[in-house]
Amino acid sequence: MAKKEVRILDKKFSEFISEIDIQNRIDEIADQINKDYEGREVFFLGVLNGSFMFAADLFRRITIDARISFIKLASYVGTSSSGEIKELIGWNEDLKNKSVIIVEDIVDTGVTLEHTVNNLIIRNVKDIRIAALLLKPDAYTKDIKIDYLGFSIPNDFVVGYGLDYDGFGRNVPSIYKLVK
Ligand code: IMP
């Protein structure tokens with residue numbers, strides 16, 4: 001049984017999306033991707049750190065021909081976005097003419113997503129779709145469509161399932177939200 005509340009550093013978090021609900025939703029997203037890309041090849045591009053768990057669980061359900069690689073970006077300090085993207089691991093794949101699915105843990109303002117999309121456009125990829133486990137619609141400032149979305153959530157800080165609070169909490173298998 002998952003704990004109803006967890007403490008991470010100085011903050012308390014309460015259970016918000018259970019492990020089973022996350023896994024069921026990923027089943028549905030993977031089924032949809034397998035259908036949409038049937039007979040084609042797809043290149044998954046995960047955005048580290050937060051997406052590693054979602055990317056792994058999604059990728060193991062993919063049955064079409066697929067590759068995966070990761071870039072590492074950071075924009076968050078503590079519990080809010082700095083608005084500035086730091087690129088920590090760069091782009092070392094030739095993505096020209098590839099169908100790419102960007103894999104994001106969470107889309108908040110969308111600054112990180114826009115940065116990634118723009119980087120793919122200049123690499124002359126064939127097409128781009130976005131898979132994100134979570135979206136905060138009230139914080140989202142961009143009009144890039146999220147093609148495969150796990151859950152829309154309120155504008156609250158969340159941890160678990162790859163998402164962190166100052167580096168901690170990523171190992172919790174369900175998603176918890178900050179108790180204010
Ligand atoms: P954006 O650029 O504002 O969309 O922020 C995206 C990145 O910020 C995500 O990939 C996460 O790393 C981080 N982030 C945004 N919201 C949260 C949250 O609620 N908890 C933990 N990390 C978050």
Side-chain angles (χ1 to χ4, degrees), residues 2-19 21-22 25-26 29 43-59 68-91 100-122 128-180:
K3 285 189 191 146
K4 286 268 159 279
E5 275 197 353
V6 293
R7 177 168 280 283
I8 298 168
L9 301 174
D10 58 336
K11 301 207 187 306
K12 247 195 327 193
F13 295 83
S14 60
E15 198 184 26
F16 181 46
I17 308 174
S18 70
E19 185 177 3
D21 287 350
I22 296 170
R25 188 72 192 109
I26 298 173
I29 293 172
F43 197 106
F44 287 82
L45 185 70
V47 183
L48 294 173
N49 285 332
S51 76
F52 73 96
M53 225 177 254
F54 175 45
D57 281 345
L58 179 63
F59 197 63
I68 188 164
S69 185
F70 292 89
I71 52 168
K72 180 165 175 172
L73 305 175
S75 75
Y76 250 59
V77 181
T79 59
S80 64
S81 177
S82 69
E84 200 186 300
I85 309 284
K86 272 196 268 173
E87 206 150 290
L88 306 169
I89 299 180
W91 302 75
V100 179
I101 299 180
I102 298 171
V103 183
E104 275 269 24
D105 49 349
I106 183 163
V107 178
D108 185 348
T109 62
V111 170
T112 309
L113 180 62
E114 186 180 57
H115 178 93
T116 310
V117 168
N118 288 342
N119 255 289
L120 284 175
I121 292 170
I122 57 173
I128 304 168
R129 286 195 182 179
I130 324 287
L133 183 66
L134 304 172
L135 169 69
K136 294 180 184 170
D138 295 340
Y140 194 45
T141 58
K142 311 292 174 193
D143 51 16
I144 302 165
K145 180 176 166 228
I146 312 294
D147 304 279
Y148 305 105
L149 176 64
F151 304 91
S152 283
I153 64 167
N155 202 1
D156 293 316
F157 187 76
V158 291
V159 293
Y161 195 72
L163 291 151
D164 73 306
Y165 167 47
D166 270 353
F168 291 94
R170 295 194 197 273
N171 49 324
V172 179
S174 43
I175 292 172
Y176 286 74
K177 85 175 172 193
L178 183 64
V179 177
K180 287 177 196 155

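Each ligand, and each atom within it, is numbered from 1 in the order the structure gives. Residues: numbered from 1 along the sequence shown. All heavy atoms count here, side chains included; hydrogens, waters and symmetry mates do not.
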Does G150 offer a backbone N or O that forms a donor-acceptor pair with the side chain of R25 under 3.5 Å?
yes

In terms of side-chain geometry, is the basic nitrogen of D156 or K180 positioned less than 4.0 Å from the acidic oxygen of its partner?
yes

Side chain or backbone, does L113 bring an N or O within less than 3.5 Å of an N or O on ligand 1?
no

When you measure from the heavy atoms of G110 to every atom of ligand 1, does any distance fall below 4.0 Å?
yes

What part of T109 sits under 4.0 Å from ligand 1 if we count only heavy atoms: the side chain, the backbone, both or neither?
both

Under 4.0 Å, heavy atoms only, figure out whether ligand 1 is touched by the backbone of V159, its side chain, both or neither.
neither

Report, in ascending order of atom number, the atoms of ligand 1 lying under 4.0 Å from any heavy atom of [X].
X: K136; value: 16 (N), 17 (C), 18 (C), 19 (O)
X: D164; value: 21 (C)
X: D156; value: 19 (O)
X: E104; value: 10 (O)
X: T112; value: 1 (P), 2 (O), 5 (O), 6 (C)
X: V111; value: 2 (O), 4 (O)
X: D105; value: 9 (C), 10 (O), 11 (C), 12 (O)
X: L163; value: 21 (C), 22 (N)

Check whether the side chains of S14 and E5 place a donor and an acceptor atom closer than 3.5 Å, and report yes or no.
no

pair [X]-[Y]: side-chain heavy atoms closer than 4.5 Å:
X: L73; Y: L48; value: no
X: I130; Y: I101; value: no
X: V159; Y: F157; value: yes

Quick one: are the ring centres of F54 and Y161 less than 6.0 Å apart?
no

Working for side-chain contact (heavy atoms from CB on, under 4.5 Å), residues I153 and F16:
CA-CA 10 Å; I153 64 167; F16 181 46; 3.5 Å; yes

